[in-house]
A.B. asks: 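One structure is given below, represented as structure tokens, and several questions about it will come after.
Note that the structure is a prediction, hence the values are computed from the model and not measured.
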Amino acid sequence: MKENIALIGFMGSGKTTVGRLLAKQLDMKFVDVDKVIAAQEKKSISDIFQENGEQYFRQKEREIILQESTKNNVVISTGGGAIIDNENIKNLQNTCFIVYLDADVHCIYDRVKNSKHRPLLQNIENLEAHISTLLEKRRFLYEFSSDYKVSIHLESNLYDTVEEIKKIYIDS
């Protein structure tokens with residue numbers, strides 16, 4: 001069994017919510033990569049994107065994933081785009097059991113439609129279509145990178161999702 005769990009998936013798939021409860025139930029440390037970056041930079045992710053650009057953010061994300069993935073007993077909630085960087089995937093695969101939270105487009109849209117802090121969704125005319133397009137571009141990477149996939153939809157129960165992940169992780 002690998003020492004850590006990493007949660008990957010599109011924004012709004014529930015990585016932070018699931019990860020926090022999963023870590024608590026498994027008595028592991030919880031790390032939200034986006035929150036660590038925001039705390040280090042002392043600004044929001046949106047402000048980092050706006051002021052420093054996506055490339056700068058992705059470098060910070062790479063540093064945090066490397067740092068946290070080398071520790072033990074950690075549940076890591078990655079950003080939705082972390083999988084577009086091969087280095088992130090390699091670092092996570094070395095020490096983490098990677099779970100893909102596969103949320104459907106309608107669920108993601110419902111969860112993020114009023115969000116003001118997601119830089120890749122700002123000023124988009126047809127948000128649901130944009131989410132669908134971006135999700136399709138990333139889906140292969142999510143699936144290829146993961147050890148296990150959990151389907152997430154509007155009716156998904158947080159506790160059932162956490163129990164499913166716990167069981168498969170312990171049995172791995």
Side-chain angles (χ1 to χ4, degrees), residues 1-103 108 111-112 115-124 130-131 134-150 152 162 165 169 172:
M1 174 176 11
K2 292 188 177 176
E3 295 293 326
N4 303 317
I5 300 172
L7 301 176
I8 63 173
F10 202 79
M11 64 185 91
S13 62
K15 298 178 301 291
T16 298
T17 304
V18 169
R20 189 174 285 120
L21 183 58
L22 183 64
K24 183 176 182 178
Q25 289 191 9
L26 290 171
D27 196 26
M28 297 171 81
K29 177 185 172 190
F30 175 69
V31 174
D32 181 313
V33 173
D34 285 353
K35 285 190 176 32
V36 171
I37 294 169
Q40 285 182 352
E41 296 292 309
K42 296 179 178 59
K43 54 180 103 165
S44 71
I45 300 299
S46 292
D47 287 345
I48 294 168
F49 265 71
Q50 188 173 25
E51 294 170 21
N52 305 98
E54 184 175 0
Q55 187 173 1
Y56 177 84
F57 172 80
R58 296 294 175 204
Q59 176 59 40
K60 291 294 177 191
E61 181 178 61
R62 190 177 308 115
E63 292 168 10
I64 300 304
I65 287 174
L66 174 61
Q67 174 186 321
E68 294 299 331
S69 66
T70 59
K71 297 177 181 174
N72 290 332
N73 210 33
V74 181
V75 174
I76 302 169
S77 171
T78 66
I83 48 82
I84 62 177
D85 185 319
N86 288 334
E87 195 174 319
N88 287 338
I89 298 305
K90 283 188 241 172
N91 290 329
L92 292 171
Q93 287 176 332
N94 285 336
T95 62
C96 300
F97 181 77
I98 303 175
V99 178
Y100 168 31
L101 299 184
D102 182 18
I108 293 167
R111 291 177 177 182
V112 304
S115 176
K116 303 293 182 223
H117 69 278
R118 299 185 187 272
L120 296 180
L121 299 183
Q122 300 307 308
N123 305 314
I124 303 296
H130 178 72
I131 290 168
L134 195 52
L135 180 59
E136 282 311 307
K137 286 180 182 176
R138 294 179 177 178
R139 186 178 307 277
F140 172 77
L141 292 172
Y142 290 132
E143 291 181 356
F144 178 78
S145 304
S146 64
D147 296 302
Y148 187 72
K149 178 171 77 170
V150 178
I152 305 291
V162 169
I165 296 169
Y169 172 68
S172 69

A.B. asks: For E136, does the CD atom sit with more than 12 other heavy atoms under 6.0 Å from it, leaving out its own atoms?
C.D. replies: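 It does: E136 CD has more than 12 such atoms within range.
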A.B. asks: Do E61 and D85 make a side-chain contact, defined as non-hydrogen atoms from C-beta onward lying under 4.5 Å apart?
C.D. replies: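 With C-beta onward as the side chain, the pair stays apart.
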A.B. asks: Surrounding CG of N72 (heavy atoms of other residues, nucleotides or ligands, distance under 6.0 Å), is the total greater than 12?
C.D. replies: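 Counting neighbours around CG of N72, more than 12 heavy atoms of other residues, nucleotides or ligands fall under 6.0 Å, so yes.
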A.B. asks: Closest heavy-atom contact between A82 and N88?
C.D. replies: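 In this case the closest contact between A82 and N88 is O-ND2, 3.0 Å.
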A.B. asks: Is C96 close to I76 at the side-chain level, that is, under 4.5 Å between some pair of heavy atoms?
C.D. replies: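 Side chain of I76 against side chain of C96, heavy atoms only: contact under 4.5 Å found.
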A.B. asks: Could you tell me whether the side chain of D102 and the main chain of V150 form a donor-acceptor pair under 3.5 Å?
C.D. replies: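 Checking the backbone N and O of V150 against the side chain of D102, no donor-acceptor pair under 3.5 Å is found.
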A.B. asks: Between T78 (side chain only) and L7 (backbone N and O only), is there a donor and an acceptor less than 3.5 Å apart?
C.D. replies: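 Side chain of T78 to backbone of L7: a pair is present.
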A.B. asks: Within this structure, what is the OG1-CG distance for the pair T70 and N91, rounded to the nearest 0.5 Å?
C.D. replies: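 If I round to the nearest 0.5 Å, the distance is 8.5 Å.
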A.B. asks: With a 6.0 Å cut-off (strictly less than), is the heavy-atom count around CD of Q50, excluding the residue itself, greater than 12?
C.D. replies: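 Atom CD in Q50 is not crowded, with 12 or fewer foreign heavy atoms closer than 6.0 Å.
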A.B. asks: Under 3.5 Å, side chain of T95 to main-chain N/O of S69, donor-acceptor pair present?
C.D. replies: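 Present.
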A.B. asks: Considering non-hydrogen atoms only, spot the tightest contact between Y100 and E143 and give its length.
C.D. replies: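 Reported closest heavy-atom pair: CE2-CG, 3.6 Å.
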A.B. asks: If you define the side chain from C-beta out and look only at heavy atoms, does anything of I89 sit under 4.5 Å from I98?
C.D. replies: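 No - every pair of side-chain heavy atoms lies 4.5 Å or more apart.
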A.B. asks: Going by heavy atoms in the side chains, are F57 and N52 under 4.5 Å from each other?
C.D. replies: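 Heavy-atom side-chain distance check fails, nothing below 4.5 Å.
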A.B. asks: For the pair N4 (side chain) and K71 (backbone), establish whether a donor and an acceptor sit closer than 3.5 Å, ignoring hydrogens and angles.
C.D. replies: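 Answer holds: yes.
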A.B. asks: Which heavy atom of A38 sits nearest to which heavy atom of I48, and what is that distance?
C.D. replies: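 Here A38 and I48 meet closest at CA-CD1, 4.4 Å.
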A.B. asks: For E51, what residues pass the side chain to side chain donor-acceptor pair (under 3.5 Å) criterion, not counting sequence neighbours?
C.D. replies: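 With neighbours one apart ignored, the set is K43.
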A.B. asks: Might you point out which heavy atoms bring I8 and S145 nearest each other, and give the distance in Å?
C.D. replies: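 I8 and S145 have their closest heavy atoms at CD1-CB, 4.1 Å.
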A.B. asks: Considering all heavy atoms of both residues, which atom of Y169 and which atom of L26 are nearest to each other, and what is their separation?
C.D. replies: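 In terms of heavy atoms, the two residues are closest at CD2-CD1, 4.2 Å.
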A.B. asks: Mind checking the CG-OG spacing from L141 to S146? Nearest 0.5 Å is all I need.
C.D. replies: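 Taking CG in L141 and OG in S146, the distance rounds to 10.5 Å.
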A.B. asks: If you measure from CD1 on I45 to NZ on K35, what distance do you get to the nearest 0.5 Å?
C.D. replies: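 Reported to 0.5 Å precision, the distance equals 9.0 Å.
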A.B. asks: Can you list the steps and then say if Q59 with E63 is a side-chain hydrogen bond (donor to acceptor under 3.5 Å, both in side chains)?
C.D. replies: CA-CA 6 Å; Q59 176 59 40; E63 292 168 10; 3.1 Å; yes
A.B. asks: Assign the ring pair Y142 / F10 to parallel, tilted or perpendicular, where the plane angle (0 to 90°) is split at 30° and 60°.
C.D. replies: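 Perpendicular, since the angle between the ring planes exceeds 60°.
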A.B. asks: Distance from R62 atom CZ to N86 atom CG, nearest 0.5 Å?
C.D. replies: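 Between atom CZ of R62 and atom CG of N86 there are 10.0 Å.
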A.B. asks: If I compare all heavy atoms of E68 with all of V31, which pair ends up nearest, and what's the gap?
C.D. replies: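 Shortest heavy-atom contact: OE1-CG2, 3.4 Å.
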A.B. asks: What's the separation between atom CG in L92 and atom NZ in K2, rounded to the nearest 0.5 Å?
C.D. replies: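 It comes to 9.5 Å.
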A.B. asks: What distance separates R20 CZ from F30 CZ, expressed to the nearest 0.5 Å?
C.D. replies: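 The CZ atom of R20 sits 5.0 Å away from the CZ atom of F30.
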A.B. asks: Quick test of your reading of the model: are E87 and K90 salt-bridged, counting only N-O distances below 4.0 Å?
C.D. replies: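 No salt bridge links E87 with K90.
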A.B. asks: Determine yes or no for a side-chain-to-main-chain donor-acceptor pair under 3.5 angstrom, with R58 supplying the side chain and I84 the backbone.
C.D. replies: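 It does not hold such a pair.
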